[in-house]
Colleague: 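Take a look at this one; I'll ask things after.
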Amino acid sequence: MNRHLKQSWGRSRGRRTVAQHTGKKVLRKHPAPTLSLNIAPMIDITFLLLIFFLVTSTFKRAEGFLAAKLPHDAGRPAVALPISPIIIYVEQYGEGISEYRLRIANFVNAPASFEELTLFLEDVQRNPGFSDDTLVIIAADAEVAWDHVVNCWNAALRAGCKQISFGRQSE
């Protein structure tokens, strides 16, 4: 029998059959594969990511190093406060007790009623140099009914004035 043929007994009816052909074994020497790592693309990607994060990031300054522009005038208000207070003169006008006239020093347009006085004082407080802390002096004639003086006081309170005092007319 050929030595390249392998014989085996088949189970089919007791006959000898050739099962397979083995052939000659030839041993070839192949060189062992070497593993190499190509790092050039990895370095490219790393530099691209580094540039991306440097360009898109924002850096904050520390709070202790922020420049502060403080006023040189030690916190004084920028607008000078009025030297004189708001003086409201309540005068008797005519023969009757219920007739009165309001006049305000250093202002041309005087309110005609106590409701208008409230609106006038609110408007004056919005002007530069005036506030709700501006002194309001109510100066009344000796002939004026006390109700008019109280109504003038109430009008100043409704306007939000905090410093209200009484005075006398010197004119």
Colleague: Decide yes or no for Phe120 and Leu102: does some side-chain heavy atom of the first lie under 4.5 Å from some side-chain heavy atom of the second?
Modeller: no
Colleague: Is it the case that the side chain of Thr134 and the backbone of Phe130 share a donor-acceptor pair, with hydrogens and angles ignored and the cut-off at 3.5 Å?
Modeller: no
Colleague: Measure the CD1-CD1 distance between Ile88 and Ile104 for me, rounded to the nearest 0.5 Å.
Modeller: 5.0 Å
Colleague: Find out if a path of hydrophobic residues (ILVMFWY) with successive side-chain heavy-atom gaps under 4.5 Å connects Ile39 to Leu48.
Modeller: no
Colleague: Search all heavy atoms of Val144 against all heavy atoms of Val90 and return the closest pair with its distance.
Modeller: CG2-O, 3.4 Å
Colleague: Side chains of Val136 and Pro85: does their closest heavy-atom pair fall under 4.5 Å?
Modeller: no
Colleague: Using side chain to side chain donor-acceptor pair (under 3.5 Å) as the criterion, list what pairs up with Ser113, not counting sequence neighbours.
Modeller: Glu115
Colleague: So does Asn106 have more than 12 non-hydrogen atoms from other groups sitting under 6.0 Å from CG?
Modeller: no
Colleague: Calculate, to the nearest 0.5 Å, the distance between atoms CD1 and CD1 belonging to Ile164 and Ile86 respectively.
Modeller: 10.5 Å
Colleague: More than 12 heavy atoms of other residues, nucleotides or ligands under 6.0 Å from CG of Leu49: is that the case?
Modeller: yes
Colleague: Please determine whether residues Ile45 and Leu54 belong to a single hydrophobic cluster, defined as Ile, Leu, Val, Met, Phe, Trp and Tyr linked transitively by side-chain heavy-atom distances below 4.5 Å.
Modeller: no
Colleague: Hey, could you give me the CG/CD1 distance between Leu50 and Ile43, rounded to the nearest 0.5 Å?
Modeller: 13.0 Å
Colleague: Using the side chain to side chain donor-acceptor pair (under 3.5 Å) criterion, which residues pair with Asp147? Sequence neighbours excluded.
Modeller: none
Colleague: Answer yes or no: does atom CG of Asp44 have more than 12 heavy-atom neighbours from other residues, nucleotides or ligands under 6.0 Å?
Modeller: yes
Colleague: Got a second to check how far Cys161's SG is from Glu122's CD, nearest 0.5 Å?
Modeller: 8.5 Å
Colleague: Looking at every heavy atom in both Phe166 and Ile137, which two are closest together, and how far apart are they?
Modeller: C-CG2, 4.2 Å
Colleague: Can you tell me how far apart CD (Gln92) and NE2 (His148) are? Round to the nearest 0.5 Å.
Modeller: 6.5 Å
Colleague: Would a hydrophobic clustering, with Ile, Leu, Val, Met, Phe, Trp and Tyr connected at side-chain separations under 4.5 Å, put Val150 with Leu117?
Modeller: yes
Colleague: Write out all pairs satisfying salt bridge (Lys or Arg N to Asp or Glu O under 4.0 Å) with one or both partners inside residues 153-167, taking only residues at least two apart or from two chains.
Modeller: Asp132-Lys162
Colleague: Indicate yes or no: at least one non-hydrogen side-chain atom of Tyr89 is less than 4.5 angstrom from one of Ile138.
Modeller: no
Colleague: Quick one: pull up CG in Leu121 and CD in Glu116 and give me the separation to the nearest 0.5 Å.
Modeller: 12.0 Å
Colleague: Over 60° means perpendicular and under 30° means parallel, so classify the ring planes of Tyr100 and Phe114, tilted if in between.
Modeller: parallel
